[in-house]
J.: 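Questions regarding the structure given below will be posed in turn.
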Amino acid sequence: MRISVIGCGYLGAVHAASMVELGHEVVGVDVDEKRVAALCAARAPFYEPGFEDLLQRALATGRLGFSTDVADAAGAQVHFLCVGTPQKHGEYAADLRYVDAAVESLLAVLQPGEVVAGKSTVPVGTAARLADLVGGKVPGALVAWNPEFLREGFAVQDTLHPDRLVYGLPAGPDGGTAERLLDEVYAPIVARGTPKVATDYATAEMVKTAANSFLATKISFINAMAELCEATGADVKQLADAIGHDDRIGRRFLNAGLGFGGGCLPKDIRAFMARAGELGADQALTFLREVDNINMRRRIRMVELAREVLDGSLLGKRVAVLGAAFKPDSDDIRDSPALNVAAQLQLQGAVVRVTDPAAVDNGRREWPHLDFAATPEEAAERANAVLVLTEWRQYRELDPVAFGEVVASRRVLDGRNALDREAWTAAGWTYRALGRRAG
Ligand code: UGA
């Protein structure tokens with residue numbers, strides 16, 4: 001099939017290359033010339049394990065192209081919308097200007113029988129509004145909503161082997177037409193028996209925000225337990241292991257620590273609350289405000305813990321921060337808890353050096369007042385305390401004995417409950433973590 005992908009960020013670039021892997025001919029369209037140039041040259045514009053290989057493979061088939069001109073999307077049977085929906089400045093709601101602009105630009109090339117398939121995370125009601133617009137301008141062109149559940153760091157795997165497909169379809173026979181086209185797009189995935197939910201627009205839109213809200217709630221739940229563990233002397237890691245053995249609860253997404261960040265979970269729960277307010281159903285989601293509060297409190301607590309460990313004052317203390325990305329295997333620093341803590345420490349007088357295996361360049365660009373180092377050893381030179389705030393494998397596998405030679409004092413704060421506490425304490429480190437006793 002001929003497919004277009006509008007918006008070649010994280011979601012779109014991976015989707016475009018993956019669709020080639022599934023056998024299609026794909027054009028990716030983006031307004032960012034630099035990004036398009038990088039993709040055409042088989043260079044990944046962001047860090048994502050496995051993506052560059054996939055991109056090279058896809059380009060080599062001759063069935064993948066990138067362009068800044070939406071006219072190149074003409075003739076595609078399915079046009080995927082993969083543009084961002086960030087939080088609006090100064091309010092909780094999602095900013096839909098990129099989605100609206102993408103659809104507006106597509107109208108010039110869209111033909112009857114073609115499907116605009118939205119993948120962006122949007123407030124419930126958006127697909128119906130866009131369907132009215134598209135149907136009004138190009139009768140016979142259809143809109144479907146096909147949310148994406150990929151995780152950064154696993155984007156390729158999640159796109160090619162999703163755990164479910166969700167189609168939000170128009171009512172009546174148009175629904176069948178759109179479903180058949182999407183089934184054709186995902187033919188190898190459908191053939192594997194991947195669970196599929198074909199439903200209406202509103203349900204499909206809500207599946208996405210409900211899933212992210214549930215994940216955020218799960219993280220904040222365990223972080224709330226961590227606060228109680230701190231008050232009682234209990235151990236949140238053992239608590240999570242123990243409750244996680246119950247299949248109904250499950251151990252995944254129960255890692256207590258610095259909480260969630262990134263370009264999705266924080267803004268999605270806020271946009272969901274804003275939309276519920278518009279719909280007169282805000283009471284249903286007031287708990288998400290608490291989920292957000294618990295999450296943000298973890299960052300403050302981390303700064304307090306650092307002050308505590310540094311004998312009550314941050315002034316002039318040298319602090320190494322290991323991790324800048326919002327999670328490992330990513331160079332994404334959007335709403336990064338690690339950088340948020342690093343900046344607070346610096347503002348309160350500490351001398352902070354941050355390092356990260358992939359996100360130093362992005363960090364420097366967005367946080368120019370912070371000092372960045374290339375390696376953990378460089379960041380930790382003569383440090384009074386080391387904070388591990390993103391659980392990269394490289395940091396989990398640090399040798400606490402050798403690393404201890406670099407620092408001024410062996411104090412480590414494990415912001416992600418990711419280190420081997422026994423090994424670090426055995427090497428003479430004072431070990432502190434959120435929700436766990438001092439080691
Ligand atoms: C999230 C969802 O997991 C994806 O399913 C979804 O498709 C994506 O958002 C999206 O909406 O596009 P992502 O933002 O890549 O994916 O990251 P997650 O793996 O969900 O992690 C989010 C944050 O939660 C990270 O900061 C991570 O460190 C934190 N986290 C995760 C915890 O603090 N504890 C955990 O147990 C798990």
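Whatever order the structure lists them in is the order used to number ligands and atoms, beginning at 1. Just so it is clear, the structure is predicted and the values come from calculations on it, not from any experiment. All values below come from the heavy atoms of this structure, side chains included, with hydrogens, waters and symmetry mates left out.
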J.: Show every donor-acceptor pair shorter than 3.5 Å between a side-chain atom in residues 8-18 and any protein atom, with sequence neighbours excluded, or say none if there are none.
T.:
residue	atom	partner	partner atom	Å
Tyr10	OH	Tyr47	O	3.4
Tyr10	OH	Glu48	OE1	2.4
Ser18	OG	Val14	O	2.7

J.: Are Phe46 and Phe51 close enough that their ring centers fall under 6.0 Å?
T.: yes

J.: Hey, does the side chain of Arg251 reach the backbone of Leu254 with a donor-acceptor pair shorter than 3.5 angstrom?
T.: yes

J.: Go through the structure and list residues passing side-chain contact (heavy atoms from CB on, under 4.5 Å) with Pro147, not counting sequence neighbours.
T.: Trp145, Phe149, Val166, Ala204, Lys208

J.: Going through the checks in order, is the side chain to side chain donor-acceptor pair (under 3.5 Å) test met by Asn340 and Gln344?
T.: CA-CA 6 Å; Asn340 186 306; Gln344 287 188 58; 2.7 Å; yes

J.: Tell me every residue that passes side-chain contact (heavy atoms from CB on, under 4.5 Å) with Pro337, counting only those two or more places apart in sequence or in another chain.
T.: Leu258, Arg299, Phe326, Arg416

J.: List the protein residues in contact with ligand 1, where contact means a heavy-atom separation under 4.0 angstrom.
T.: Glu148, Phe149, Leu150, Arg151, Glu152, Lys208, Asn212, Leu215, Ile219, Phe253, Leu254, Asn255, Gly259, Phe260, Gly261, Cys264, Leu265, Asp268, Phe326, Lys327, Arg416

